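Values in this document were obtained by computation on a predicted structure and should not be read as measured data.
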Amino acid sequence: MTNTSCTPIAPEDFRRTPWKNGGGVAIDIAGAYRDGSAPGDWDNVVWRFGRTAIVAPGPFSDLTGYERLQVVISGSGLVLETPAGEIDLRHPFVPVRYDGGTPIVTRLEGGPVEVVNLIADRALCAIDLHVAAPGESRSLDEGIHILYAPDAGIAGRCGGADIALPGGHALRLDATAPTTLTLASGRALLASIRRL
């Protein structure tokens, strides 16, 4: 891939770490931490991309200073209750953006769900989370992009090279110049991180 390096991330490379509030366990797919900090250190996260199950109503971790993007990938009916009203995540594969410092308590209208989160220190990074469908082409800016197959496998092309991922696997794309990602089959999540 011209101007883009690829690093496969297999499920056995994912890390399991407790939520910041201790109420569950996150599966970290990829992330970056301040110098000298260990993965899983919530106080020194630059950005994190991962998935987690929400099986019971409860409070979210306080991530003041962080931008948060979230999408339901399994189940439905997730509502985030805040002092200012609801954040609607009832429908799967519809990403929602909100402030990580917002006080939140979950409501599960249809039982347990599984979600994917992308968070970043807003002073250090700009982030985006996109659901890519077969036949879609998307321009990737310079930066870090994580392509993730949350259920079935995916195939496509990036920067003129073929890519294929089994279900549950991810691919880190480090782009040093704009490039194009085209998805031929499967449904993927595309997390984009640009350092400020």
If you round to the nearest 0.5 Å, how far is [atom2] of [Y] from [atom1] of [X]?
| X | Y | atom1 | atom2 | answer |
| --- | --- | --- | --- | --- |
| Ile9 | Leu165 | CD1 | CG | 9.5 Å |
| Leu89 | Ile54 | CG | CD1 | 8.5 Å |
| Arg157 | Thr180 | CZ | OG1 | 11.0 Å |
| Ile163 | Leu181 | CD1 | CG | 5.0 Å |
| Asp141 | Ser192 | CG | OG | 8.0 Å |
| Phe60 | Asn117 | CZ | CG | 7.0 Å |

Same apolar cluster: [X] and [Y], side chain cutoff 4.5 Å:
| X | Y | answer |
| --- | --- | --- |
| Leu173 | Ile154 | yes |
| Leu171 | Leu183 | yes |
| Phe14 | Leu189 | yes |
| Ile87 | Leu78 | yes |
| Tyr33 | Ile193 | no |

For side-chain contact (heavy atoms from CB on, under 4.5 Å), just list the numbers for Phe93 and Val72, CA-CA rounded to whole Å, side-chain angles, deciding distance to a tenth of an Å, and then say yes or no. CA-CA 6 Å; Phe93 292 97; Val72 173; over 6 Å; no
Kindly indicate, with the supporting measurements, whether the criterion side-chain contact (heavy atoms from CB on, under 4.5 Å) is fulfilled by Gln70 and Arg97. CA-CA 7 Å; Gln70 189 170 65; Arg97 180 186 300 267; over 6 Å; no
Working for salt bridge (charged side-chain N to carboxylate O under 4.0 Å, His left out), residues Arg16 and Asp28: CA-CA 6 Å; Arg16 295 180 179 274; Asp28 297 328; over 6 Å; no
Treating [X] as the side-chain partner and [Y] as the backbone partner, does any N or O pair qualify as donor plus acceptor under 3.5 Å?
| X | Y | result |
| --- | --- | --- |
| Lys20 | Asp62 | yes |
| Tyr148 | Val116 | no |
| Thr182 | Gly156 | no |
| Arg90 | Ser76 | no |
| Asp151 | Gly168 | no |
| Thr4 | Gly159 | no |

Leu69 vs Ile127, side-chain contact (heavy atoms from CB on, under 4.5 Å): CA-CA, chis, key distance, verdict: CA-CA 8 Å; Leu69 285 154; Ile127 57 173; 3.8 Å; yes
Note, [X] side chain near [Y] side chain (heavy atom, < 4.5 Å):
| X | Y | value |
| --- | --- | --- |
| Phe49 | Ile144 | no |
| Glu114 | Val55 | no |
| Pro150 | Ile73 | yes |
| Thr106 | Leu80 | yes |

Could you tell me which non-hydrogen atom of [X] sits nearest to which non-hydrogen atom of [Y], and how far apart they are?
| X | Y | result |
| --- | --- | --- |
| Val46 | Cys125 | CG1-SG, 3.7 Å |
| Ala175 | Glu142 | O-CG, 3.2 Å |
| Leu118 | Ala191 | CD2-CB, 3.8 Å |
| Thr179 | Cys158 | CG2-SG, 4.1 Å |
| Ala10 | His169 | CA-ND1, 3.8 Å |
| Pro166 | Ala149 | O-CB, 3.7 Å |

Can you check side-chain contact (heavy atoms from CB on, under 4.5 Å) on Leu190 and Glu136, steps first, answer last? CA-CA 12 Å; Leu190 177 67; Glu136 181 179 351; over 6 Å; no
Show your working on salt bridge (charged side-chain N to carboxylate O under 4.0 Å, His left out) between Arg122 and Asp99 and close with a plain yes or no. CA-CA 10 Å; Arg122 68 167 54 90; Asp99 183 333; 3.5 Å; yes
Pair Ser61, Arg68 - check side chain to side chain donor-acceptor pair (under 3.5 Å), show working. CA-CA 11 Å; Ser61 300; Arg68 192 163 182 169; 5.8 Å; no
Arg138 and Asp128 ion-paired at < 4.0 Å: yes
Distance-only donor-acceptor check, side chains Tyr98 and Glu67, under 3.5 Å: no
